[in-house]
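Since the structure comes first, as structure tokens, the remarks are kept for the end.
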Amino acid sequence: SALEHYAYCARQAGLILLEDAFQDDVSTVRGTLLHQRVDEPGHQSRPGMRTLYALPVWNDALGLTGTCDVVEIEATGRITPVEHKSGRYHPGGPADIQLAGQALCLEEMFGTTIRHGYIWSGADRKRHRVPVDQAARDTVTRTTDMVRTLIADGRLPDPAPASRCRRCSM
């Protein structure tokens, strides 16, 4: 999630990572309520598919750790991460970076290649396919380096003036 926070706003990431600050608002409460069904570790099976919930993941090469909301494992061995978001899906947005980071963790853990995942949007109640291509992989690596630098420097980034600041809980 730090990758998504940083890609959305470096200052927001700094407040969360450096100052352990977090403030709920309507959007974050909506997200918490949406995640109730996927934040509880567990699994479900049906013919040809096993679905894992709240799966801890890591990638030692990149130094990433996190938790996937949903991971689907097909009988064929194909693994697909599904990230749940309460709001609208924005193609190419910060959620895509989080999903690609999850895919890279799953690839290392399971010794496989993941070509795509999904963002499930609570706003339109649809899955949106997100490619995990070389550009996405490079973005995860760059963003990971930027988050690591933020933490090492220990300095809170200045706010970047943007219209989204008015909607931010922080």
Side-chain angles (χ1 to χ4, degrees), residues 1-17 20-59 64-74 78-107 109-110 114-133 135-137 139-140 143-144 146-147 159-160 162-170:
S1 63
L3 299 176
E4 180 186 24
H5 287 297
Y6 189 91
Y8 181 75
C9 174
R11 183 172 179 84
Q12 180 190 68
L15 288 166
I16 293 167
L17 297 170
D20 199 24
F22 191 81
Q23 184 68 40
D24 274 323
D25 66 4
V26 171
S27 295
T28 61
V29 170
R30 186 178 322 132
T32 299
L33 292 173
L34 171 84
H35 272 90
Q36 283 180 338
R37 60 177 257 218
V38 296
D39 278 349
E40 187 68 32
H43 63 89
Q44 203 174 40
S45 294
R46 63 182 194 266
M49 176 82 69
R50 182 177 172 120
T51 304
L52 308 175
Y53 300 98
L55 179 69
V57 295
W58 62 89
N59 180 305
L64 292 176
T65 62
T67 304
C68 290
D69 290 341
V70 175
V71 176
E72 296 174 341
I73 304 174
E74 296 178 33
R78 183 165 65 180
I79 297 173
T80 307
V82 182
E83 177 62 23
H84 284 226
K85 297 296 179 190
S86 62
R88 298 211 177 282
Y89 173 65
H90 302 283
D96 288 9
I97 298 169
Q98 181 179 7
L99 182 79
Q102 293 172 359
L104 296 180
C105 290
L106 291 165
E107 286 181 345
M109 290 170 59
F110 289 96
I114 296 174
R115 302 281 183 221
H116 72 275
Y118 294 97
I119 303 289
W120 185 87
S121 164
D124 61 13
R125 304 189 58 74
K126 284 179 27 180
R127 283 182 170 204
H128 301 272
R129 187 181 172 115
V130 177
V132 181
D133 54 16
R137 294 165 189 279
T139 300
V140 168
T143 307
T144 300
M146 291 185 280
V147 169
S163 62
R164 67 177 177 243
C165 293
R166 284 178 262 142
R167 294 186 315 273
C168 181
S169 68
M170 304 297 279

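- At a threshold of 4.5 Å between non-hydrogen side-chain atoms, the residues Ile119 and Asp96 count as touching.
- Contact of the Val147 side chain with the Leu17 side chain is registered, since non-hydrogen atoms from C-beta on lie closer than 4.5 Å.
- Contact record, Val132 with Gly117: CG2-N, 4.3 Å, taken as the closest heavy-atom pair.
- With no hydrogens or angles considered, a side-chain donor-acceptor pair links Tyr53 and Gln44 at under 3.5 Å.
- Under the 4.5 Å side-chain criterion, counting only non-hydrogen atoms from C-beta, Arg46 is in contact with Thr51.
- With values rounded to the nearest 0.5 angstrom, Arg129 atom CZ is found 4.0 Å from His116 atom NE2.
- Gln98 places no side-chain N or O within 3.5 Å of a backbone atom of Glu4 that could act as its donor or acceptor partner.
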Pair Ile97, Val140 - check side chain to side chain contact (heavy atoms under 4.5 Å, CB included), show working.
CA-CA 6 Å; Ile97 298 169; Val140 168; 4.3 Å; yes

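- Of all heavy-atom pairs spanning Arg137 and Ile114, the tightest one is NH2-O, 3.2 Å.
- You'll find the side chain of Met146 reaches within 4.5 Å of the side chain of Tyr6, heavy atoms only.
- Distance OG1/Thr143 to CG/Leu3: 6.0 Å, rounded to 0.5 Å.
- Rounded to the nearest 0.5 Å, atoms SG (Cys9) and CG (Leu15) are 8.0 Å apart.
- Of all the heavy atoms in Pro131 and Ala136, the pair that sits closest is O-CB, 4.0 Å.
- Inter-residue side-chain proximity for Glu72 and Met49 is flagged as met; some heavy-atom pair is nearer than 4.5 Å.
- Nearest approach of Leu55 to Leu52, heavy atoms of both residues: CD2-CD1, 4.1 Å.
- In this view, Arg115 and Thr113 satisfy the side-chain contact (heavy atoms from CB on, under 4.5 Å) rule, not counting sequence neighbours.
- Using a distance-only test at 3.5 Å, with no hydrogens or angles considered, no donor-acceptor pair links the side chain of Asn59 to the main chain of Leu64.
- Looking at Val57 and Thr67, their side chains never come closer than 4.5 Å, going by heavy atoms from C-beta outward.
- The CD atom of Gln102 sits 10.0 Å away from the CG atom of Leu104 when rounded to the nearest 0.5 Å.
- The two atoms that bring Val130 and Leu99 nearest to each other are CB-CD2, 3.4 Å, heavy atoms only.
- Side-chain contact between Leu106 and Val71: present, with at least one pair of heavy atoms (C-beta onward) separated by less than 4.5 Å.
- Put simply, the side chain of His128 does not reach to within 4.5 Å of the side chain of Pro91, judged on heavy atoms.
- Residue Trp120 forms a side-chain contact (heavy atoms from CB on, under 4.5 Å) with just one option from Lys126, Glu83, Lys85, Arg125, and that option is Arg125.
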